[in-house]
Amino acid sequence: MTSTQESARPVLPIGQAVGQAEASLTRLLTGVLAESGTSRETYLGLQRLTALGGHATREAYERDLSDWLQLDGPAARRLAGDLVAAGLAATEGGEIRLTAPGQALREEILAASAKITGSMLATIERDDLETTVRALNEITRRAREIPARPTTTEETR
């Protein structure tokens with residue numbers, strides 16, 4: 001008597017597993033952002049300002065945008081300016097801070113995202129999720145300590 005067994009899937013390398021999860025979650029976020037009429041760059045700008053405690057010097061915020069979002073100086077200044085022009089952030093005395101409308105938009109996007117991912121994550125053990133987040137935070141910290149390699153483009157070949 002023969003039995004057919006499903007072949008076990010190989011364990012993915014960490015980079016591939018994280019990349020696939022990131023791509024899948026980005027696809028879901030893209031839909032939420034489209035529904036709210038918010039660009040990905042605006043959302044990420046709000047996220048970075050929140051990560052800085054909701055306020056920072058304009059210089060520190062633009063440096064953070066450059067670092068985390070890989071924007072050059074003019075693009076980081078433009079994004080900060082766009083947030084201010086849209087009323088999502090405000091500047092005063094060399095500082096930039098999240099406004100109530102900026103906070104509300106961010107919370108709206110997070111709530112809409114949670115509606116989509118909530119049931120998906122509800123079936124995963126809380127301890128497993130906490131371990132995953134801790135591991136990803138540590139991987140991020142360690143990866144950021146490694147100097148970036150120059151990128152090759154057609155223009156530099």
Side-chain angles (χ1 to χ4, degrees), residues 9-91 95-149 151 153:
R9 286 189 166 155
V11 174
L12 296 177
I14 185 74
Q16 185 176 351
V18 169
Q20 288 178 181
E22 188 274 336
S24 296
L25 292 172
T26 295
R27 180 181 56 81
L28 298 174
L29 177 62
T30 298
V32 169
L33 293 175
E35 288 172 4
S36 73
T38 305
S39 73
R40 185 171 193 274
E41 193 170 66
T42 294
Y43 172 69
L44 294 176
L46 294 173
Q47 288 291 83
R48 291 310 313 153
L49 190 50
T50 300
L52 295 172
H55 61 89
T57 67
R58 178 83 179 242
E59 181 182 329
Y61 177 58
E62 290 173 7
R63 194 171 43 251
D64 182 84
L65 291 174
S66 292
D67 184 41
W68 280 95
L69 304 184
Q70 299 178 337
L71 300 175
D72 62 19
R77 281 189 293 282
R78 188 170 40 257
L79 177 54
D82 289 349
L83 293 178
V84 171
L88 302 173
T91 56
E95 288 223 342
I96 187 166
R97 65 173 170 73
L98 199 59
T99 62
Q103 182 63 33
L105 176 60
R106 181 179 170 274
E107 288 174 6
E108 173 190 320
I109 292 166
L110 293 175
S113 295
K115 284 181 183 176
I116 296 169
T117 60
S119 60
M120 172 186 73
L121 297 176
T123 59
I124 300 173
E125 292 291 329
R126 183 168 179 81
D127 288 346
D128 290 344
L129 287 174
E130 289 173 0
T131 298
T132 300
V133 169
R134 276 194 312 274
L136 289 172
N137 284 339
E138 183 61 17
I139 289 167
T140 300
R141 186 190 66 74
R142 290 180 186 190
R144 292 183 59 76
E145 290 175 353
I146 299 169
R149 293 179 146 174
T151 58
T153 63

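Start at 1 with the first residue, then count along the sequence. It should be emphasised that the depicted structure is a prediction, and the values quoted were computed from it without experimental measurement.
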For residues 132-139, dump all side-chain donor-acceptor pairs below 3.5 Å to protein atoms at least two apart in sequence or in another chain.
| from | atom 1 | to | atom 2 | distance (Å) |
| --- | --- | --- | --- | --- |
| Thr132 | OG1 | Asp128 | O | 2.8 |
| Arg134 | NH2 | Thr131 | OG1 | 3.3 |
| Asn137 | ND2 | Val133 | O | 3.4 |
| Glu138 | OE1 | Arg141 | NE | 3.2 |
| Glu138 | OE2 | Arg141 | NE | 3.4 |
| Glu138 | OE2 | Arg141 | NH2 | 2.5 |
| Glu138 | OE2 | Arg142 | NE | 2.8 |
| Glu138 | OE2 | Arg142 | NH2 | 3.4 |

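- More than 12 heavy atoms of other residues, nucleotides or ligands sit less than 6.0 Å from atom CD of Glu95.
- Between Asp82 and Thr42 there is no side-chain heavy-atom pair separated by less than 4.5 Å.
- Applying the 6.0 Å contact sphere to CD of Glu22 captures more than 12 heavy atoms from other residues, nucleotides or ligands.
- Side-chain contact between Arg78 and Leu65 is absent, with no heavy-atom pair separated by less than 4.5 Å.
- Side-chain contact between Arg40 and Thr26 is present, with heavy atoms from C-beta onward closer than 4.5 Å.
- Leu71 approaches Ala75 most closely through the heavy-atom pair CB-CB, 4.0 Å.
- With values rounded to the nearest 0.5 angstrom, Leu83 atom CG is found 13.0 Å from Arg97 atom CZ.
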Side-chain donor-acceptor contacts of residues 48-55 below 3.5 Å, not counting sequence neighbours, with atom names and distances?
| from | atom 1 | to | atom 2 | distance (Å) |
| --- | --- | --- | --- | --- |
| Arg48 | NE | Asp64 | OD2 | 2.7 |
| Arg48 | NH2 | Asp64 | OD1 | 3.0 |
| Arg48 | NH2 | Asp64 | OD2 | 3.4 |
| Thr50 | OG1 | Leu46 | O | 2.9 |
| Thr50 | OG1 | Arg106 | NE | 3.3 |

As a quick check of understanding, evaluate side-chain contact (heavy atoms from CB on, under 4.5 Å) for Leu29 and Ser113, giving each step before the final call.
CA-CA 7 Å; Leu29 177 62; Ser113 295; 3.9 Å; yes

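- Between the CG atom in Leu33 and the CG atom in Leu28 there is a gap of 11.0 Å [rounded to 0.5 Å].
- Here the side chain of Thr99 pairs a donor or acceptor atom with the backbone of Leu88 at under 3.5 angstrom.
- In this structure, Leu98 CG and Gln47 CD are separated by 10.0 Å, a value rounded to the nearest 0.5 Å.
- Residues Gly81 and Arg58 come closest through the heavy atom pair N-NH2, 3.4 Å.
- Two residues are said to be in side-chain contact when any heavy atoms from C-beta on lie closer than 4.5 Å; Thr38 and Glu108 fail this criterion.
- Counting only distance, with no hydrogens or angles, the side chain of Tyr61 and the backbone of Gly45 share a donor-acceptor pair below 3.5 Å.
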